[in-house]
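What follows is a set of notes on a single structure, which appears directly below.
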Amino acid sequence: MAGKILLAGGAGYIGSHTYLALVAAGFEVIIFDNFVNSHPSVTERLAEINGAPVTCVTGDVRDSAALDRLFAQHDIAAVVHFAALKSVADSVKDPLGYLDNNLGGLVTLLAAMDRAGCRNLVFSSSATVYGIPDETPTPETAEHRAMNPYGRSKIMCEEVLEELAAADAGWAFGILRYFNPAGAHPSGLIGEDPKDVPNNLMPFVAKVAIGEIAQIKVFGNDYPTPDGTGVRDYIHVEDLARGHLLSLQSLLSTGQGHLVNLGTGKGQSVLDVIDAYSAACGQDLPFVFEARRPGDVPIYCAQTDLAKSVLGFETEKSLADMCESSWHWVTSQAHLTRP
Ligand code: NAD
Ligand code: UFG
């Protein structure tokens, strides 16, 4: 296959699963990561899963010289750009830091790609760009209304990519707006590994299941949803990884960009998630209803037709698959060497 694929931020949760999907499809892949939110041992675990060494370069996407060296050493056909900070709460406390890392990182990376003549990039965007959408399931044409610096950094990044594509037809961008990624690889060797108490539902539920946290706090049971709790479009991280493969293949074969939602199109409530996780771990997980979390949307769900028509993307895995693989991952971690 002509040219290698660079995964910026490839040691993280979604990047590590995408690494496996790309290698399985025959791509030669390089991981570039500064490990600000991941651990170098991820590469050993990827090597164990694949039975083959992993090429990983430690570095920061804001470091032009490091990127120039990387592009000089390798023939890189395309980049998948995961490298970003993703905590909404931290972004509110440190908006400049988020702009520097997420927007500054993208601009520095694009400039290095331009110098190297590599003009294909898949970008990790988020459903967060829709804020509180008027329409659910939400189409890609919905207005941009991000409500925090993290979300706004994603909108700014998308705008940079759109302007660059308009200025020079040589660039091709796959902009992927993920809904709520969940689950883990069936090996139990890689998965979501939050450093602090998780803000997101699925990793929080996992911590309750393994007994690290006493009970789940359900934020709000008076939403206009079937059971009153918040509804989200949870997508298995392995389905998401396959979405990146399809996006890359489309960019490389057509030279045309695309902007699509990646979700299942199906909404699941907080209580649905607790039920599915309870079934996966074989115990009824304790929960308590609390007040709504400020800024939360009642329902988030993807319109999926465009990803299907442009990329042929459809999800294959269920909420039960997400919970079972998550449970396998969190129970396997006890046997691994942790940082
Ligand atoms: P993650 O934190 O697990 O992975 C991100 C990786 O990027 C980490 O390994 C981190 O060390 C690395 N990184 C961060 N800044 C870097 C820099 N300046 N230079 C080099 N490496 C850097 O997060 P994830 O869940 O895998 O998310 C990947 C991407 O998807 C992010 O852009 C995130 O904003 C986006 N996204 C995630 C979600 C989600 O819920 N997980 C939802 C929508 C969008
Ligand atoms: N929830 C709880 N208890 C918790 C955590 C969450 O009840 O301890 C509820 C929330 O109120 C919400 C649902 O579970 O109804 C999902 O919450 P998450 O925090 O897991 O996910 P969000 O959809 O709120 O947000 C996440 C990311 C955003 C991103 C969005 C869409 O944090 O940055 O997914 O990709 F924009």
Side-chain angles (χ1 to χ4, degrees), residues 7-18 31-40 42 57-63 66-67 80-89 91 98 100-102 104-106 108-109 123-131 146-148 150-151 153-154 157 176-182 190-195 197-205 207-208 213 215-221 223 225 229-235 237 240-241 244 261-263 267-271 273-274 287-302:
L7 301 191
Y13 172 46
I14 301 167
S16 56
H17 290 82
T18 302
I31 291 176
F32 182 78
D33 204 299
N34 67 356
F35 301 107
V36 67
N37 198 40
S38 52
H39 193 269
V42 166
V57 176
T58 302
D60 195 300
V61 283
R62 292 162 297 177
D63 182 345
L67 291 171
V80 187
H81 183 41
F82 301 99
L85 301 174
K86 61 169 183 175
S87 156
V88 170
S91 80
Y98 267 66
D100 176 42
N101 199 77
N102 295 4
L106 174 69
T108 307
L109 174 62
F123 178 70
S124 299
S125 190
S126 167
T128 194
V129 301
Y130 299 125
M147 298 184 302
N148 51 66
Y150 166 68
S153 79
K154 291 293 180 193
C157 287
L176 307 180
R177 291 182 178 158
Y178 315 153
F179 277 66
N180 290 54
I190 56 166
E192 191 170 13
D193 194 8
K195 286 190 171 163
V197 176
N199 293 313
N200 295 122
L201 180 65
M202 193 64 95
F204 197 98
V205 170
K207 295 253 181 219
V208 173
I213 299 177
Q215 59 186 3
I216 301 156
K217 296 175 195 160
V218 178
F219 298 141
N221 61 347
Y223 283 112
T225 60
T229 68
V231 167
R232 295 292 182 271
D233 185 340
Y234 297 94
I235 174 169
V237 67
L240 197 56
H244 292 76
N261 288 334
L262 291 183
Q268 312 270 1
S269 73
V270 177
L271 296 184
V273 171
I274 295 174
F287 64 88
V288 60
F289 290 121
E290 297 218 342
R292 291 182 180 192
R293 187 171 64 176
D296 261 357
V297 186
I299 304 181
Y300 243 122
C301 190

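Counting starts at 1 for both ligands and their atoms, in listed order.
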Under the criterion side chain to side chain donor-acceptor pair (under 3.5 Å), I'd like the reasoning laid out for S124 against Y178: C-alpha separation, chi angles, the key distance, then a yes or no. CA-CA 7 Å; S124 299; Y178 315 153; 2.7 Å; yes
Is any side-chain heavy atom of [X] closer than 4.5 Å to a side-chain heavy atom of [Y]?
| X | Y | answer |
| --- | --- | --- |
| H81 | V61 | yes |
| N102 | Y150 | yes |
| V88 | N199 | no |
| Y223 | V297 | no |
| E192 | V237 | no |

Looking at ligand 1, does any of its N/O atoms fall within less than 3.5 Å of an N/O of [X]?
| X | value |
| --- | --- |
| V61 | yes |
| I14 | yes |
| G12 | yes |
| F82 | yes |
| H81 | no |
| Y150 | yes |
| Y178 | no |
| E192 | no |
| A11 | no |
| D33 | yes |

With the threshold set at under 4.0 angstrom, would you say [X] reaches ligand 1 through any of its heavy atoms?
| X | result |
| --- | --- |
| S16 | no |
| K154 | yes |
| G59 | yes |

Enumerate the protein residues lying less than 4.0 Å from ligand 2, judged by heavy-atom distances, in chain and residue-number order. V88, S126, A127, T128, Y150, Y178, F179, N180, N199, N200, L201, F204, K217, V218, F219, G230, R232, Y234, V270, R293, D296
Sequence neighbours left out, what passes ring-ring contact (aromatic ring centres under 6.0 Å, His included) with F32? Give chain and number order. none
Heavy-atom closest pair, residues L67 and L109: CD1-CA, 3.8 Å
